[in-house]
Amino acid sequence: LEFRRCSSDLGKRRRNTKTNSSGLDVLSDGYCWLCHKEGDVICCESCPRVFHLRCVQLESSPAEDWVCPECVLVMSAENLETRSRAMRLLSLEQLCTLLKHALARMKSVVNSDPFIKPVDPVQFPAYKDYISCPMDLQSMERNIRRKQYGSTEAMLADCKWILHNCIIFNSPSSKLTSIAKGLVKICKHELQEIENCPDCYLNAHVKKDTWFTDRKSTRLNSSHLCNL
């Protein structure tokens, strides 16, 4: 399995430069985050994502400081007042420990090798002309190590870039895209398990098959979020 560019007649430039509220030039994506197609789009103030008005159910262009739905999800998940109970119970260090296990599960997906490391710019020189925010499992691992994910939503948002970029560069019908969809599915499942009960998720990985009956199993907090 290899990355490829299916349509050579689409031209090289597919990214745009925007200026945010701080006066800084930010490279935005050239394809709608939701339908992965080109066209007239609106830009998020906080990230490179862009959207068709119809895809976010807007009739007219929003204010210049518009924040996209994906960023709103992450902001809400990391806000002290609106974050989930699981996120309130976990320290950043504890969360990162759990995210490492989730990432390891993603790496075990069959045929996921093309997404482990960044796309080779020498082997695929046109990649940078289409992809504004490269993402891969190794980069996500680095972000976890640097404690850049303050919630499960933040990690999922990065994982979605893998699928988005794959659709753009390889087409929706590519075998690689099917694998990328599988990665996102596994990521969602693992992160939901963390949200359901961080203690159970940790013990399932640390204690393996014996954790459930082990009264001395590791506990992150004084109470589980689920009923044992």
Side-chain angles (χ1 to χ4, degrees), residues 1-3 33 47-49 70-71 73-78 83-120 127 131-170 174-209 211-212 217-221 224-226:
L1 293 172
E2 296 182 349
F3 284 92
W33 178 251
C47 74
R49 299 178 184 89
E70 197 72 43
C71 286
L73 282 175
V74 175
M75 291 175 181
S76 178
E78 298 185 355
R83 60 183 177 175
S84 67
R85 185 185 176 192
M87 294 302 100
R88 291 197 299 270
L89 291 173
L90 293 172
S91 68
L92 183 57
E93 186 73 31
Q94 290 170 335
L95 172 61
C96 290
T97 296
L98 299 180
L99 296 183
K100 289 178 183 177
H101 290 299
L103 188 68
R105 175 68 182 88
M106 293 168 65
K107 285 184 175 181
S108 70
V109 173
V110 177
N111 293 326
S112 63
D113 290 355
F115 302 104
I116 299 294
K117 298 180 179 180
V119 174
D120 186 349
Y127 194 76
I131 305 304
S132 64
C133 186
M135 187 55 59
D136 55 87
L137 299 184
Q138 189 178 81
S139 296
M140 291 175 64
E141 185 174 33
R142 182 183 65 246
N143 291 341
I144 293 173
R145 188 167 59 250
R146 294 178 178 177
K147 297 179 174 59
Q148 293 183 357
Y149 297 138
S151 65
T152 55
E153 284 290 348
M155 179 171 168
L156 178 58
D158 265 2
C159 183
K160 290 178 182 178
W161 276 111
I162 294 177
L163 174 58
H164 179 70
N165 294 341
C166 188
I167 291 175
I168 292 170
F169 199 71
N170 298 285
S174 168
K175 291 182 179 179
L176 282 169
T177 297
S178 296
I179 298 170
K181 288 180 179 179
L183 283 175
V184 173
K185 183 178 180 179
I186 291 297
C187 184
K188 286 181 178 179
H189 174 78
E190 295 299 308
L191 298 182
Q192 186 57 57
E193 290 296 305
I194 292 175
E195 289 285 352
N196 290 343
C197 184
D199 279 306
C200 292
Y201 189 81
L202 176 67
N203 288 327
H205 289 82
V206 174
K207 297 294 182 177
K208 302 301 180 183
D209 296 335
W211 73 270
F212 193 82
S217 60
T218 304
R219 300 290 291 270
L220 290 175
N221 301 287
H224 285 272
L225 293 186
C226 65

Identify the two heavy atoms, one from K188 and one from L156, that lie closest to each other, and give their separation to 0.1 Å. CG-CD1, 3.6 Å
Looking at side-chain heavy atoms only, is the closest gap between P134 and S139 below 4.5 Å? no
Between T97 (side chain) and E93 (backbone), is there a donor-acceptor pair under 3.5 Å? yes
Any side-chain heavy-atom pair from K175 and N111 closer than 4.5 angstrom? no
For V184 against L163, the heavy-atom pair lying closest together: CG2-CB, 3.9 Å
N/O donor-acceptor pair under 3.5 Å between S112 side chain and F115 backbone: no
Hey, can you tell me if F169 and Y127 have their rings parallel, tilted or perpendicular (30° and 60° cut-offs)? perpendicular
For a 4.5 angstrom cut-off between non-hydrogen side-chain atoms, does R142 reach R145? yes
Quick one: CZ on R49 to OG on S132, what's the gap to the nearest 0.5 Å? 9.5 Å
Decide yes or no for Q94 and L89: does some side-chain heavy atom of the first lie under 4.5 Å from some side-chain heavy atom of the second? no
So M140 and M106, side-chain contact (heavy atoms from CB on, under 4.5 Å) or not? Walk me through it. CA-CA 11 Å; M140 291 175 64; M106 293 168 65; 4.2 Å; yes
Answer whether the closest heavy-atom distance between the side chains of K107 and E141 falls below 4.5 Å. yes
Looking at SG of C71 and CD of E153, how far apart are the two atoms once the value is rounded to the nearest 0.5 Å? 11.5 Å
Minimum-distance pair of heavy atoms, taken over all atoms of V109 and I186: CG2-CG1, 3.9 Å
Smallest heavy-atom separation, E78 atom then A154 atom, equals OE2-CB, 3.4 Å
Please step through side-chain contact (heavy atoms from CB on, under 4.5 Å) for the pair I131 and H164, ending with a clear verdict. CA-CA 9 Å; I131 305 304; H164 179 70; over 6 Å; no
Say you draw a straight line from CD1 of I144 to OH of Y149; how long is it, rounded to the nearest 0.5 Å? 6.5 Å
Looking at N165 and C133, would you say the former's side chain and the latter's main chain have a donor-acceptor pair under 3.5 Å? yes
Please confirm whether the backbone N or O of R105 pairs with a side-chain atom of S108, one donor and one acceptor, at under 3.5 Å? yes
Interatomic distance, C187 atom SG to L103 atom CG [nearest 0.5 angstrom]: 8.5 Å
Is there side-chain contact between L98 and P198, with at least one heavy-atom pair below 4.5 Å? yes
Interatomic distance, M87 atom CE to T152 atom OG1 [nearest 0.5 angstrom]: 5.0 Å
Residue pair T177 / K181, side-chain heavy-atom distance below 4.5 Å: yes
Closest approach of A102 to I194 (non-hydrogen atoms, all atoms of both residues): CB-CD1, 4.5 Å
Quick check: closest heavy atoms across W33 and A157, and the distance to 0.1 Å? CH2-O, 4.0 Å
Distance only, no hydrogens: is a donor on one side chain within 3.5 Å (strictly under) of an acceptor on the other, for E190 and Y201? yes
Counting C-beta onward and ignoring hydrogens, is there a side-chain heavy-atom pair between V119 and D136 closer than 4.5 Å? no
For L191 and E195, run side-chain contact (heavy atoms from CB on, under 4.5 Å): C-alpha distance rounded to whole Å, both residues' side-chain angles, the deciding distance at 0.1 Å, then the answer. CA-CA 6 Å; L191 298 182; E195 289 285 352; 5.7 Å; no
